[in-house]
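One structure is given here, and the rest of the page talks about it.
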2 protein chains.
Amino acid sequence: MRVIAANAGVSLSHAYYYFESKEDIVAQLLLNLRQEQLQLCQDLLDEGNTLESNIRIVLEAGVQCLAPYHEFGPPFLKVLLSGEHANEEVTRIELLMWELAVGGARPLPPLGIRRDLPRFLLLVARQIFTTWAFDQSSQQRRSHTLIKNLAPVVAKFAVLCRLPVVRSLFEDILALMDPRTSDIVEQDRAPRMALRKPKAS
Amino acid sequence: MRVIAANAGVSLSHAYYYFESKEDIVAQLLLNLRQEQLQLCQDLLDEGNTLESNIRIVLEAGVQCLAPYHEFGPPFLKVLLSGEHANEEVTRIELLMWELAVGGARPLPPLGIRRDLPRFLLLVARQIFTTWAFDQSSQQRRSHTLIKNLAPVVAKFAVLCRLPVVRSLFEDILALMDPRTSDIVEQDRAPRMALRKPKAS
DNA sequence: TTGGTTTTTTGAACGCGTTCAAAAAATGAT
DNA sequence: ATCATTTTTTGAACGCGTTCAAAAAACCAA
């Protein structure tokens with residue numbers, strides 16, 4: 001904070017006139033970087049690539065924009081997971097990027113999951129982000145490798161969602177991670193879209 | 001640290017004679033709690049329940065043991081993800097619990113995944129832990145609900161792994177998160193167990 | 001016992017994020 | 001222009017995790 005204030009040419013305490021806390025500054029920085037990533041993605045996604053390619057583009061743009069601030073990986077993650085600060089805006093931007101990636105992919109993903117796939121990819125991306133945040137390998141090589149290996153798997157999964165069994169797994173996972181699901185307490189939730197009746201019970 | 005040192009009846013600086021840092025104390029605490037969870041699980045898992053039931057038992061034992069220290073959720077997570085401190089021991093214990101959960105389940109999970117399922121469950125459990133660490137709902141209600149809803153989904157997934165398509169997804173996911181995968185840099189990894197040949201390269 | 005060596009323990013200080021009362025500056029009505 | 005009010009800016013301090021030189025204690029050969 002002392003360095004930031006000095007660089008801004010104000011006193012230490014004056015920095016708190018503009019920002020609530022250091023974490024708040026980190027949150028703003030993350031927001032700026034996500035906006036930068038969005039701009040980068042908008043330049044790269046408009047060519048009708050495959051879904052796999054688009055997934056890689058978005059993820060790589062992410063680590064590229066954040067790379068100069070990799071030392072703030074853990075604070076970034078904390079801001080994102082703590083659900084405070086301006087992170088609903090960050091989530092909005094992330095979701096928008098995944099909508100572009102899905103909507104611009106050729107061939108288009110199966111119709112049945114097309115609407116929900118962006119939210120699913122958001123979950124996947126959060127997992128990548130977690131890995132990246134604590135990636136101690138040089139140049140975050142591990143994260144890049146993970147992205148490279150993950151993109152085809154997710155794309156394959158999307159295609160397999162044409163099969164009802166796989167599709168129901170997709171729905172289950174999405175329902176689990178949907179925050180609304182956690183609010184249901186009283187009634188037992190029946191499994192959604194049970195494609196195969198359980199033998200008993 | 002001042003409070004801990006005072007409670008221990010030593011001076012502040014003397015606490016650093018026994019522990020490297022505050023994070024180190026947190027890591028040791030987490031290890032103790034995992035050992036406690038293991039003991040709890042060993043008492044509850046020896047009855048040949050279903051896999052779903054065992055999954056719930058292990059996860060619930062986890063949140064139960066950690067509940068008194070929920071305020072340390074984020075530091076716990078950081079310790080676990082940063083890969084420092086004594087967390088390979090923590091991982092060992094967690095893996096052991098999942099081996100008990102899988103090996104003691106009746107009916108036994110499909111043979112093809114029986115060996116790898118514990119590692120898969122470890123990944124799932126880490127995700128639950130992440131959710132729990134930042135769970136702001138009262139009594140961590142959200143985490144409990146998530147566990148309740150997740151157990152049947154994972155159990156269902158395990159059964160579906162009898163189908164080759166689903167099984168290959170299982171293998172893919174496990175390979176992705178395996179740290180060894182990230183070390184492969186030079187050669188392009190061919191997709192393992194491709195069940196359906198792509199139409200063109 | 002002595003004197004030297006190692007282990008244990010401490011007090012004082014540092015850096016960092018944060019707070020707060022109050023000074024300085026800007027603003028606005030009379 | 002004057003004074004009251006609000007906005008902007010600051011210096012001094014606090015709490016916390018951490019470090020370190022040095023004191024105190026324990027240990028051990030001579």
Side-chain angles (χ1 to χ4, degrees), chain A residues 1-35 65-91 129-130 132-136 140, chain B residues 1-35 65-91 129-130 132-136 140:
Chain A
M1 292 299 291
R2 282 164 174 84
V3 170
I4 290 172
N7 272 38
V10 300
S11 74
L12 168 62
S13 49
H14 193 45
Y16 289 86
Y17 188 75
Y18 296 103
F19 296 96
E20 266 193 8
S21 61
K22 186 181 181 182
E23 201 174 33
D24 191 31
I25 295 180
V26 170
Q28 287 291 2
L29 173 59
L30 180 61
L31 178 56
N32 291 350
L33 292 170
R34 283 297 185 219
Q35 284 163 343
C65 292
L66 297 193
Y69 305 93
H70 181 253
E71 53 177 322
F72 299 108
F76 279 155
L77 192 64
K78 186 168 184 183
V79 160
L80 212 51
L81 295 181
S82 67
E84 321 258 308
H85 302 284
N87 72 358
E88 59 293 325
E89 178 75 3
V90 170
T91 303
F129 187 75
T130 302
W132 174 86
F134 288 95
D135 187 352
Q136 291 304 316
Q140 295 85 249
Chain B
M1 292 299 291
R2 282 164 174 83
V3 169
I4 291 172
N7 272 39
V10 300
S11 74
L12 168 62
S13 48
H14 193 46
Y16 289 86
Y17 189 75
Y18 296 102
F19 296 96
E20 266 193 9
S21 60
K22 184 180 182 182
E23 202 174 32
D24 191 31
I25 297 180
V26 170
Q28 287 291 22
L29 173 59
L30 180 60
L31 178 56
N32 291 350
L33 292 171
R34 283 298 185 221
Q35 284 164 342
C65 292
L66 296 191
Y69 305 93
H70 181 253
E71 54 178 321
F72 299 108
F76 278 154
L77 191 64
K78 186 169 184 184
V79 160
L80 212 52
L81 295 180
S82 67
E84 321 259 308
H85 301 284
N87 71 359
E88 60 293 326
E89 178 74 4
V90 170
T91 303
F129 188 75
T130 303
W132 173 86
F134 288 95
D135 187 351
Q136 291 305 315
Q140 295 85 249

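Only this structure's heavy atoms are used, side chains among them; waters, hydrogens and symmetry mates stay out.
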- Just to confirm, is there a sub-4.0 Å distance from OP1 or OP2 of D:dT9 to any side-chain nitrogen or oxygen of A:Y17? no
- Item | Donor-acceptor under 3.5 Å (B:H70 side chain, B:D135 main chain) | yes
- Query: In whole Å, what is the span from the NZ atom of A:K22 to the P atom of D:dG15?
  - Reply: 21 Å
- Residue pair B:F134 / B:L77, side-chain heavy-atom distance below 4.5 Å: yes
- Message: From the set D:dT18, D:dA13, C:dT9, return the single nucleotide nearest to any side-chain atom of B:H14.
- Response: C:dT9
- Message: Taking 4.0 Å as the cut-off, does a side-chain nitrogen or oxygen of B:Y18 come that near to OP1 or OP2 on C:dT9?
- Response: yes
- B:Y16 OH to C:dA12 C1': how many Å, rounded? 15 Å
- Note on the structure: note: A:E23, atom CD; C:dT18, atom P; distance rounded to Å ~ 8 Å
- Sidechain-backbone polar pair: B:D24 side chain, B:F19 backbone, donor-acceptor under 3.5 Å: no
- Which sits closer to the 5' end of DNA chain D, A:A15 or B:L12, going by the nucleotide each is nearest to? A:A15
- Message: Taking atom CD as the centre, does B:Q35 end up with more than 12 heavy-atom neighbours from other residues, nucleotides or ligands that are less than 6.0 angstrom away?
- Response: yes
- Task: To the nearest Å, give me how far apart CG (B:D24) and P (D:dT19) are.
- Result: 12 Å
- Message: Whole angstroms only, please: what is the CD1-P distance between B:I25 and D:dG17?
- Response: 9 Å
- Message: Should the side chain of B:S11 and the base of C:dG11 be counted as holding a donor-acceptor pair, with the cut-off at 3.5 Å?
- Response: no
- Using whole Å, report how far CE of A:M1 lies from P of D:dG15. 20 Å
- Item | D:dG15 base / B:R2 side chain donor-acceptor hit below 3.5 Å | no
